[in-house]
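Every chain is numbered from 1 and lettered A, B, ... according to where its sequence line falls, protein lines coming before strand lines. Basis for what follows: all heavy atoms, side chains included, without hydrogens, waters or symmetry-related copies. If you're wondering where the values come from, they're calculated on a predicted model, not measured in any experiment.
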Protein chains: 2
Amino acid sequence: MDIKSAVTQLSSIAQEARLEIFRLLVQAGIEGLPAGSIGEQLKIPPSTLSFHLKELSHAGLINSRQVSRFIYYTANYAAMNGLLAYLTENCCAGVSKCCPEATSCHPEKGNKS
Amino acid sequence: MDIKSAVTQLSSIAQEARLEIFRLLVQAGIEGLPAGSIGEQLKIPPSTLSFHLKELSHAGLINSRQVSRFIYYTANYAAMNGLLAYLTENCCAGVSKCCPEATSCHPEKGNKS
DNA sequence: GCATTATTTCTATAATTATGGAAATATAGA
DNA sequence: TCTATATTTCCATAATTATAGAAATAATGC
């Protein structure tokens, strides 16, 4: 992870609409949600939603796949975990006992609600 | 943690100079670094540095204390850990086995290098 | 009080980012 | 092919954010 990628990823979620979208997708799990469903739940007009989804996609924090006429968006858990790790990297110069734990998210198949 | 605070905190590190400053402070540990030392290491002019330090302070991701004529800045580890937790909150709707771990940084006294 | 050093505030300019209507594109079924 | 639905692109406007010089403020020692 280089600093420019980290800034791009952080910028992509440093905006209220996009952070809401991202969190919605993190909570949605690996199946994700179609764009229209996201816009409906968050009350975001189509063109604005598309702009924000593109920002998140370009940053690599979300992925998409086409299913018929719908485009399903999903959180990229690996990218998110990489970003979180980057922020705590070499905490306190890597001295022992300083940073014992690491926050991450490991979704698995079969966790539908 | 509400979404506006999260956006403010993310915005504060979604900028190359500020992310460098923040990471430098995360790695510096609980003693922190005086403003001048940060500016010198990162080659940031005083007024620009002051602007960025204020952004980070207002967001609550760093703290400061005055020591003689120097102002020492330190990473606010608790705030950072709160932000990381927020991003993974209710991952996959909170289904078990989805998000077993959580990245965080726990600096301790006596970890000087 | 004066000189020195550290940091911040003020200011103008430049650059980037967000918003949403309208039009365009893409997919699928009748 | 025609129609309906889903999503994106284009565009102009508005709003926000970054940069850094110059001046101001603050703390210390002589």
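- By the 6.0 Å and 45° rule, Arg23(A) stacks over the aromatic ring of Tyr86(B).
- Listed nucleotides: dT27(C), dT8(C), dA6(C). Nearest to the side chain of Gln66(A): dT27(C).
- In this structure, Glu16(B) atom CD and dA15(C) atom P are separated by 17 Å, rounded to whole Å.
- If you check every strand for non-hydrogen atoms under 4.0 Å, Tyr72(A) touches nothing.
- Comparing atom distances between the Ser68(A) side chain and each of dT7(D), dT8(C), dA28(C) picks out dA28(C) as nearest.
- A straight line from CD1 of Ile71(B) to P of dA27(D) spans 9 Å, rounded to a whole angstrom.
- For Leu33(B) and dA6(C), the CG to P distance is 15 Å, given to the nearest whole Å.
- The base of dT7(D) is not paired with the side chain of Arg69(A) by any donor and acceptor separated by under 3.5 Å.
- Checking side-chain atoms of Ser64(A) against main-chain N and O of Ile71(A) turns up no donor-acceptor pair under 3.5 Å.
- Around the CD atom of Gln41(A), the shell of radius 6.0 Å holds more than 12 heavy atoms that belong to other residues, nucleotides or ligands.
- Whole-Å rounding puts the Leu49(A) CG to dT8(D) C1' distance at 10 Å.
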I'd like a list of close polar pairs between nucleotides 18-21 of chain C and the protein, N/O only, cut-off under 3.5 Å.
unit_1  : atom_1 : unit_2   : atom_2 : d
dA18(C) : OP1    : Arg18(A) : NH1    : 3.2
dA18(C) : OP1    : Arg18(A) : NH2    : 2.7
dA18(C) : OP2    : Arg18(A) : NH1    : 3.2
dA18(C) : O3'    : Gln15(A) : NE2    : 3.4
dT19(C) : OP2    : Gln15(A) : NE2    : 3.3
dT19(C) : OP2    : His52(A) : NE2    : 2.5
dG20(C) : N7     : Ser47(A) : OG     : 3.2
dG20(C) : N7     : Thr48(A) : OG1    : 3.4
dG21(C) : N7     : Ser47(A) : OG     : 3.2
dG21(C) : O6     : Ser47(A) : OG     : 3.1

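- Around the CD atom of Glu40(B), the shell of radius 6.0 Å holds no more than 12 heavy atoms that belong to other residues, nucleotides or ligands.
- For the OP1/OP2 pair of dT7(C) and a distance below 4.0 Å, the side-chain nitrogens and oxygens of Lys54(B) include no atom meeting the criterion.
- Distance, Lys43(B) NZ to dA20(D) P: 14 Å, rounded to whole Å.
- At whole-Å resolution of the value, CG in Leu56(B) and C1' in dT7(C) are 16 Å apart.
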